Every structure is written in C-alpha cells, then in structure tokens.
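Keep in mind the model is a prediction, meaning the values are calculated, not measured.
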Amino acid sequence: MNTVIFDIGQVIIHWNPRLAFEQAMPADEVEAFMTHIGFDAWNKSNDARPSTAEATEELVLRFPQDEAKIRAYLTHFPITITDLEPGTSEVIADLQAAGIRLGAVTNWAADTFQIAFRTHDVLQRFEEIVVSGVEGVMKPAPEIFLTACSRLGIEPADAVFIDDSPVNVTGAEAVGMTGIVFQSAAQLRADLVALGLL
C-alpha cells in the first residue's frame with residue numbers, strides 16, 4: 001500500500017449547516033425548520049448534482065412561504081465550513097512527509113465544494129479529489145472509488161480509504177481497498193502506524 005484516500009467532511013473539515021439558517025431565523029427554530037423542509041434528504045440528493053443553486057430553486061417551489069429562509073443556506077454557505085478536525089491535518093502532513101500518496105473522495109455538491117476547497121489549505125495537499133457532484137455518483141457506489149484509483153494510477157489494493165461512515169468504508173472494501181472507520185485523529189494515526197504507513 002502506498003496511497004491513503006480520505007473522506008473530507010467531518011474527517012478533515014467540519015460542516016455545520018445550522019449556522020447558515022441562523023442568519024434567517026432564531027437559532028432555536030433552526031432544527032424544526034430543517035426537519036420541516038426535509039433538509040437532510042435534500043442535501044444528500046445534492047451530493048450527486050453539480051449545482052446546489054438549481055436544487056434550491058426546486059426546494060423554493062415546494063415551500064414558497066419559506067423562500068427567504070431556504071435561500072439563506074446557499075447565501076451563507078461559507079460560514080458553514082468551520083474548523084478543522086483536530087489532528088487530522090497533522091496526520092496528512094506526516095503521510096506526505098513519509099512519501100505516501102494522498103487522495104480524497106467526498107460526497108459533496110460540485111459548486112459548494114469549491115467554497116470548502118478554498119477555505120482550508122490542507123485540501124490542496126491531495127493529488128486528486130473525486131467529488132460526487134462532479135461525477136454524478138456517490139459513495140458507497142463502487143464506481144466512485146474505482147474512479148479515484150484510476151486517476152491516481154493505482155490498484156484498489158494499493159490504497160487505504162478513511163471515512164467516518166461505516167457504510168462508505170464497506171463500499172471501499174468491496175472494491176479491494178483497506179478501510180478505516182474514522183473516529184479521531186489519534187485513532188487514525190494508530191491504525192496507519194499498524195499498517196506500516198506512518
């Protein structure tokens with residue numbers, strides 16, 4: 001194994017959509033509003049799309065009375081990209097220093113991912129980032145993992161895949177990768193040491 005492929009959200013960087021909605025309503029109303037518009041399902045569907053803007057228009061048509069609140073998400077999206085997961089950036093830097101190749105596979109809408117990419121420099125350490133919204137396919141589908149391997153010029157057996165979702169890790173393992181379920185940077189470092197990568 002010579003390559004480590006990371007998930008991004010909640011493994012490298014934190015994302016908190018509530019912060020955007022808090023710009024349009026009291027904080028204690030946000031959770032009920034997100035449930036009302038079916039935010040989780042809507043957001044997940046965006047991960048296979050190039051444009052959150054287009055999806056926003058569709059959601060406004062479904063909930064016209066909530067238009068201003070719905071539009072607040074995309075308007076204020078930059079503030080939803082918050083801090084880094086403690087310790088993960090240091091693991092990435094150490095892997096790079098050890099000569100390990102780095103890639104990423106993320107379920108993320110194409111347009112809003114560009115905002116996240118510009119927010120944290122650590123994402124520029126990766127040779128290849130495969131974004132579901134660009135590809136039109138999401139983890140845990142095998143195609144997205146195989147796409148990452150192809151672009152990196154490696155076989156799945158050459159790679160370790162790290163994700164906070166056990167389902168996504170299982171998907172990576174199904175194509176021949178070694179999987180690690182992320183819980184903390186300390187746990188990740190220990191697992192990578194055990195694999196001989198650090």
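Ser150 places no side-chain N or O within 3.5 Å of a backbone atom of Leu146 that could act as its donor or acceptor partner. The backbone N or O of Ala55 lies less than 3.5 Å from a partner atom in the side chain of Trp42, making a donor-acceptor pair. Put simply, the side chain of Glu29 never gets that close to the backbone of Met25: no donor and acceptor are under 3.5 Å apart.
Counting all heavy atoms, side chain and backbone alike, Ile13 lies closest to Ala116 at CD1-CB, 4.0 Å. Summarising the geometry of Asp164 relative to Val181, their closest heavy-atom pair is O-CG1, 4.2 Å, with the distance given to 0.1 Å. Closest heavy-atom contact between Ile154 and Ala159: CD1-CB, 3.8 Å. The heavy-atom pair separating Thr80 from Pro17 by the smallest distance is CG2-CA, 3.9 Å. Between Ala24 and Ala72, the closest heavy-atom pair is CB-CB, 3.6 Å. Between Ala148 and Ile5, the closest heavy-atom pair is CB-CD1, 4.3 Å.
Side-chain heavy atoms closer than 4.5 Å link hydrophobic residues (I, L, V, M, F, W, Y) into clusters, and following such links, even through other members, never connects Val105 to Val91. Under the 4.5 Å side-chain contact rule for hydrophobic residues, Ile162 and Ile144 do not share a cluster.
In terms of the ring-ring contact (aromatic ring centres under 6.0 Å, His included) criterion, residue partners of Phe161 (sequence neighbours excluded) are, by chain and number, Phe145. Evaluation of the ring-ring contact (aromatic ring centres under 6.0 Å, His included) rule for His14 yields no partner, not counting sequence neighbours.
Pairs engaging residues 120-147 under the side chain to side chain donor-acceptor pair (under 3.5 Å) rule: Asp7-Lys139, Gln96-Arg125, Arg101-Glu127, Glu135-Arg151, Lys139-Asp163 [sequence neighbours left out].
Relative orientation of the Phe77 and Tyr73 rings is perpendicular, given thresholds of 30° and 60° on the angle between their planes.
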| message | Between Arg62 and Glu67, does the salt bridge (Lys or Arg N to Asp or Glu O under 4.0 Å) criterion hold? Intermediate values first, please. | response | CA-CA 9 Å; Arg62 290 175 53 205; Glu67 179 175 1; over 6 Å; no
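Around atom CD of Glu155, no more than 12 heavy atoms belonging to other residues, nucleotides or ligands sit under 6.0 Å away.
A donor-acceptor contact closer than 3.5 angstrom links the side chains of Thr52 and Asp111.
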